[in-house]
Structures are given as C-alpha cells and as structure tokens.
Amino acid sequence: MDSERRELISLIVARGLTRKFGDFTAVDHIDLSVRPGEIYGFLGPNGAGKTTTIKMLTGVLKPTEGEVEILGMKMSTHEIEIKKSIGVIPDEPKIYSHLTGKEFLDFIIEIYDLKEEEIDKRIAELCEAFKVDYLGKRVGEMSHGMKQKLMLVSVFMRKPKVIFLDEPTVGLDAKSARILKLLLRKYADEGAAIFLTTHILEIAEKMCDRIGIINKGRLIAEGTMEELRKLAGQKEASLEDLFLQLTAEGEEIEEIIKEL
Ligand SMILES: Nc1ncnc2c1ncn2[C@@H]1O[C@H](COP(=O)(O)OP(=O)(O)OP(=O)(O)O)[C@@H](O)[C@H]1O
C-alpha cells in the first residue's frame, strides 16, 4: 500500500516527528502510521527514543518539529478531543496514591462522562479477567503490577479506538500478560489501532502485525516480520536476530562475550 493511502485510513499518524532536548535529538523525523485492526510494535535499544515518541503521540510532550494526527485530528489543534478519545497505559502508572482503586475508577468515569449502567458490567468483567479484587485498597499500597492492572481496567472499560501501551507486560504475572495479549488482539480485530513498545521481542513477533525499529532516534526499519526478514536478507531469522542485525549490535555482543 502506498504511504499516502495508508495515512488516509490510519488512526495514528506521525509526520516528521522530532524532539530535541537542548542540542540532543532524541527523536529524529519519524514517519509512521497505524491502521484500524493493526497492532504496531515499536522496538529499540535503551534510550532509542520510544518513550519520547509515545509521549508526543499521546500529547504529553510537544514535538520540536513535525506533527501527530490521531483519529483524523491534528494534535496541535485538537489536543483535548484526542486525549478524551485515546487510551494510554504508561510505563510507570501515575495514579493519585491516596485514592482507593474504586475511587480512581469513579474519577475516570466522571471525567470521561461514561454511562454508569454499562460501565459497571464492563468493570466487573475486566476485574474478573485481570484478578483485580483489591479495589478497596489505596493505590499507594498497591504493587507495580497491581497498579498496572488497575490502569488496564480504567483504560479498557472505555473501549478506546486508539490505544498506546509503553512496556505493557512489565510487572504483570503470566496469566495477566496472556489475557492482555488476547484482549489487545480482540480489540484490534474489532477495529482499534494499537501502538505498543516492548523489549520482549517474542511478544512483538507473536502479537504485532507490523514492527518499527527505532535506533538513536531514527526509524531504521519497518514492516511485517516477513518484510523485515527480506530487508535483512534472512529468510528464517527470529526477530531477535533481525533486531540485533538491524541495530548493528549482534557482532558487538560476540566481542563482549569473548572479552569476559
Ligand atoms: N526530559 C529529558 N531531558 C533530556 N533528555 C531526555 C529527556 N527525556 C528523554 N531524554 C533522552 O532522550 C533519549 C531517548 O529517551 P527515551 O526515554 O525516549 O528512550 P527509550 O527508547 O524509551 O528507552 P528505554 O528502552 O531505556 O526506556 C535518551 O537519550 C534520554 O536520555
């Protein structure tokens, strides 16, 4: 599909997205788009620019250059409408620590003006799925994984059409991680666009329809697993092999191991 047509039907679009911190360019002219029904995996070594990109795509951080379009709206002119429509699971869930889980969900229901009758049923189903049986506990007393699951309930109960997740499986137990993966597939199949970052290449390989690899702020490769294999000239390669080859870190590893 040509890039113009892809952009037209995409729910997430970044054009020339750039962020500088002083003289340092953390994200360097990134173009990408995610269509309805797609799970897009954003991979890259530590410090490559993943979180900075997600922050710009979700309106938390202003780009130095370039633009973001979500659900056909420009972030520069429709930030509030966009923020109301998207779901964001950050890597460090920041929730007021003095609230109980129930108070937090009620707060979200109020600010998003959600209809209570149907929402109660969805909350009950999601809490059952993720084993969130601690809504009476204060957020400040919850573990990282417990907060992460509360955050997942608070986002999924709204059924957003566009969902961003930064390292979503970190801190989740095996069963919750499996449920999350299945739910994301289901939401995508129902027409949502999902953008996630992960260091777990197996997750990206199994779950994502397309993968973008960022290194030193630049998008160095993008495509389906098949397309990435072609790009790297390796028919049978795993995503780990491709990732290390494309980020030119494979040989370095052998050198390091030799030295140890
Ligand atoms: N507020 C900031 N001020 C200065 N530099 C920053 C700031 N935020 C991020 N950076 C720098 O931008 C680069 C990209 O950081 P970012 O957090 O986006 O990386 P990442 O790909 O998410 O990394 P990781 O996988 O380690 O989480 C890093 O070099 C980081 O030090």
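Just so it is clear, the structure is predicted and the values come from calculations on it, not from any experiment. Whatever order the structure lists them in is the order used to number ligands and atoms, beginning at 1.
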So F164 and F195, would you call those rings parallel, tilted or perpendicular, with 30° and 60° as cut-offs?
-> tilted
Keeping to residues at least two apart or across chains, list the side chain to side chain donor-acceptor pair (under 3.5 Å) pairs with something in residues 171-182.
-> D173-S176
Residues 159-172 vs salt bridge (Lys or Arg N to Asp or Glu O under 4.0 Å), sequence neighbours excluded, gives K159-E190
Salt bridge (charged side-chain N to carboxylate O under 4.0 Å, His left out) filter on R185, not counting sequence neighbours, yields D189, D209
R35 bridged to E38 by N-O distance under 4.0 Å | yes
For ligand 1, which of its N or O atoms have a protein N or O partner closer than 3.5 Å, and how long is each gap?
from	atom 1	to	atom 2	distance (Å)
ligand 1	18 (O)	T51	N	3.4
ligand 1	18 (O)	T52	N	2.9
ligand 1	18 (O)	T52	OG1	2.6
ligand 1	19 (O)	G49	N	3.3
ligand 1	21 (O)	A48	N	3.1
ligand 1	21 (O)	G49	N	2.9
ligand 1	21 (O)	K50	N	2.8
ligand 1	21 (O)	K50	NZ	2.8
ligand 1	22 (O)	T51	N	2.9
ligand 1	22 (O)	T51	OG1	2.8
ligand 1	23 (O)	G47	N	2.8
ligand 1	25 (O)	N46	ND2	3.4
ligand 1	25 (O)	K50	NZ	2.7
ligand 1	25 (O)	H199	NE2	2.8
ligand 1	26 (O)	N46	ND2	3.0
ligand 1	26 (O)	G47	N	3.3

Once you round to the nearest 0.5 Å, how far does CG of L201 lie from SG of C208?
-> 10.5 Å
